[in-house]
Amino acid sequence: MLKKISLMMVSAAMLAACADQNAAQIQAQGQDVIGGDKVSANDIIARSTVGLYDEKAGALCSGTLIAPQLVLTAAHCVDPNSDKLIVFFGQEMKGLDPAKVRKTVKALQHKDYNPERVEDTADVALVRFEGALPAGYAPAPLYTDFNQLQKGSTVVVAGFGLNWAWGVKKGAGTLRTTELKVKRSLYGTTEIMLDQSIRKGICSGDSGGPAYVQKDGRLYLMGVASRGDSLPIPLTPDCFMMSIFSRVDAYTPWIAETSALLMSIK
């Protein structure tokens with residue numbers, strides 16, 4: 001499911017949808033992370049960033065709480081027909097407390113989702129889960145003042161993805177965060193491009209995770225991680241040039257409509 005796109009004379013590919021992991025791989029390994037620093041339980045980022053795992057496919061993604069029973073993630077992270085998708089809370093997938101796991105009721109992809117496009121892929125989905133939020137968790141407000149973001153603006157990204165993507169891929173399953181700069185505020189009409197480096201950025205398993213904008217001491221959800229780069233050359237690092245996020249403000253009407261639809265399910 002890797003989709004190659006043309007960017008800056010480099011062969012770039014879609015970020016691996018939800019990193020395929022086995023039990024041995026889903027664990028923290030080291031501190032030199034692509035995603036930045038490990039998130040502590042009392043960090044504001046931990047309040048609204050969650051993980052998604054499809055037990056049938058063995059696929060890991062990230063997401064953001066936008067309502068007490070709703071998670072916004074990437075369309076390529078969900079199979080609408082899967083009955084094995086779970087939402088998990090906490091900073092580590094390894095040794096996860098069963099009390100912090102929620103079964104999903106339904107997942108809906110955007111009707112215009114098209115991974116074959118280079119831009120404007122509509123790579124967003126909403127997931128409803130069963131039960132109440134664990135203590136300490138709360139939805140993130142949506143960022144709608146997109147005109148304030150320019151090239152060089154700082155955003156905060158987070159996710160449960162790889163912390164090393166050069167040669168041996170490792171480190172998925174631990175919530176980490178870092179700051180990235182806006183590279184292109186408009187990538188198409190509904191996406192934004194962020195700048196990355198070999199040791200700083202999102203990667204496989206971070207798909208569907210948040211890009212937050214910090215304002216007045218709060219984190220506002222600005223984007224949903226969609227895809228990134230890799231080179232078709234052996235032993236070169238993945239996820240080291242740029243990442244593409246779906247802009248939340250471009251999908252506000254769809255989010256409202258789909259949220260109401262999901263919450264109407266009995």
Enquirer: Among Phe89, Tyr53, Phe88, find the one that has a ring pair (Phe, Tyr, Trp, His ring centres under 6.0 Å) with Phe160.
Expert: Phe88

Enquirer: How many angstroms lie between atom CD of Gln91 and atom CG of Leu96, to the nearest 0.5 angstrom?
Expert: 10.0 Å

Enquirer: Show me the donor-acceptor pairs within less than 3.5 Å that the side chains of residues 258-266 make with the rest of the protein, sequence neighbours left out.
Expert:
from	atom 1	to	atom 2	distance (Å)
Thr258	OG1	Trp254	O	2.8
Thr258	OG1	Trp254	NE1	3.1
Ser259	OG	Ile255	O	2.6
Ser264	OG	Leu261	O	2.6

Enquirer: Shortest non-hydrogen contact from Ile45 to Ala158?
Expert: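 Taking Ile45 first and Ala158 second, the nearest heavy atoms are CG2-CB, 3.7 Å.
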
Enquirer: Are any non-hydrogen side-chain atoms of Val182 and Asp195 less than 4.5 angstrom apart?
Expert: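 Counting from C-beta outward, Val182 and Asp195 never come under 4.5 Å.
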
Enquirer: Counting only N and O atoms by type, is there a donor-acceptor contact under 3.5 Å from the side chain of Thr73 to the main-chain atoms of Ser62?
Expert: yes

Enquirer: Could you state the interatomic distance from CD (Glu116) to OG1 (Thr121), rounded to the nearest 0.5 Å?
Expert: 11.0 Å

Enquirer: If you measure from CZ on Phe129 to CD on Gln69, what distance do you get to the nearest 0.5 Å?
Expert: 6.0 Å

Enquirer: Does Leu72 reach the side chain of Tyr251, with side-chain heavy atoms less than 4.5 Å apart?
Expert: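 The answer is no, as the side chains (C-beta and beyond) never meet within the 4.5 Å cut-off.
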
Enquirer: So, do Val118 and Tyr187 sit near enough that their side-chain heavy atoms are less than 4.5 Å apart?
Expert: yes

Enquirer: Salt bridge or not between Lys38 and Glu92? Use side-chain N to carboxylate O under 4.0 Å.
Expert: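 The answer is yes: the pair qualifies as a salt bridge.
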
Enquirer: To the nearest 0.5 angstrom, please state how far the CD atom of Glu179 sits from the OG1 atom of Thr154.
Expert: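 That separation rounds to 5.5 Å.
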
Enquirer: Gln196 and Ser243: side-chain donor and acceptor closer than 3.5 Å?
Expert: yes

Enquirer: Only one of Thr252, Leu149, Val248 passes side-chain contact (heavy atoms from CB on, under 4.5 Å) with Tyr143; say which it is.
Expert: Leu149

Enquirer: Is a side-chain donor or acceptor of Arg102 paired with a backbone partner of Leu133 at a separation under 3.5 angstrom?
Expert: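 Side chain of Arg102 to backbone of Leu133: no pair is present.
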
Enquirer: Surrounding CD of Glu257 (heavy atoms of other residues, nucleotides or ligands, distance under 6.0 Å), is the total greater than 12?
Expert: no

Enquirer: Cys61 and Ser207: which non-hydrogen atoms are nearest, and at how many Å?
Expert: CB-O, 3.5 Å

Enquirer: Does Leu194 form a side chain to side chain contact (heavy atoms under 4.5 Å, CB included) with Lys183? I'd like the steps, not just the answer.
Expert: CA-CA 5 Å; Leu194 303 184; Lys183 189 167 189 172; 5.8 Å; no

Enquirer: To the nearest 0.5 Å, tell me how far Ser226 OG sits from Ile192 CD1.
Expert: 13.0 Å

Enquirer: Just verifying a value: how many Å separate Met222 CE and Asp249 CG, rounded to the nearest 0.5 Å?
Expert: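 These two atoms lie 9.0 Å from each other.
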
Enquirer: Counting N and O atoms only, with roles assigned by atom type, does the side chain of Lys56 sit under 3.5 Å from a partner on the main chain of Asp83, one being a donor and the other an acceptor?
Expert: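 Side chain of Lys56 to backbone of Asp83: no pair is present.
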
Enquirer: Quick one: does Gln214's side chain get under 4.5 Å of Ile44's, heavy atoms only?
Expert: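 Not touching, per the 4.5 Å side-chain cut-off.
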
Enquirer: As a test of understanding, state which of Thr177, Thr49, Val155 forms a side-chain contact (heavy atoms from CB on, under 4.5 Å) with Tyr212.
Expert: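 Running side-chain contact (heavy atoms from CB on, under 4.5 Å) over Thr177, Thr49, Val155 with Tyr212 returns exactly one hit, Thr49.
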
Enquirer: Grab the two heavy atoms, one from Tyr137 and one from Arg47, that are nearest each other, plus how far apart they are.
Expert: CD2-O, 3.1 Å

Enquirer: Examine the side chains of Ser246 and Asp123 and answer whether a donor and an acceptor come within less than 3.5 Å of each other.
Expert: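 There is no such pair (donor and acceptor under 3.5 Å, judged by atom type) between the side chains of Ser246 and Asp123.
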
Enquirer: Pairing donors with acceptors under 3.5 angstrom, does anything connect the side chains of Lys181 and Ser153?
Expert: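 No, because no side-chain N or O of Lys181 sits under 3.5 Å from a partner of the opposite role on Ser153.
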
Enquirer: Side chains of residues 104-111: which donor-acceptor partners sit under 3.5 Å, not counting sequence neighbours?
Expert:
from	atom 1	to	atom 2	distance (Å)
Thr104	OG1	Leu85	O	2.9
Gln109	NE2	Ala75	O	2.8
Gln109	NE2	Val78	O	3.2
His110	ND1	Asp112	N	2.9

Enquirer: Of all residues at least two apart in sequence or in a different chain, which pass the salt bridge (charged side-chain N to carboxylate O under 4.0 Å, His left out) check with Asp54?
Expert: none

Enquirer: Could you check whether any side-chain heavy atom of Tyr113 comes within less than 4.5 Å of a side-chain heavy atom of His76, counting everything from C-beta outward?
Expert: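 Yes - at least one pair of side-chain heavy atoms lies under 4.5 Å apart.
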
Enquirer: Please report the closest heavy-atom contact between Leu221 and Pro210, naming both atoms and the distance.
Expert: CD1-CB, 3.5 Å

Enquirer: Going by heavy atoms in the side chains, are Thr189 and Glu119 under 4.5 Å from each other?
Expert: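 No; the side chains remain at least 4.5 Å from each other.
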
Enquirer: Taking C-beta and beyond as the side chain, do Pro139 and Ser48 meet within less than 4.5 Å on heavy atoms?
Expert: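 No, too far: nothing below the 4.5 Å cut-off.
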
Enquirer: Is the side chain of Arg117 donor-acceptor paired with the backbone N or O of Asp120 at a distance under 3.5 Å, no angle test?
Expert: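 Yes: the side chain of Arg117 pairs with the backbone of Asp120.
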
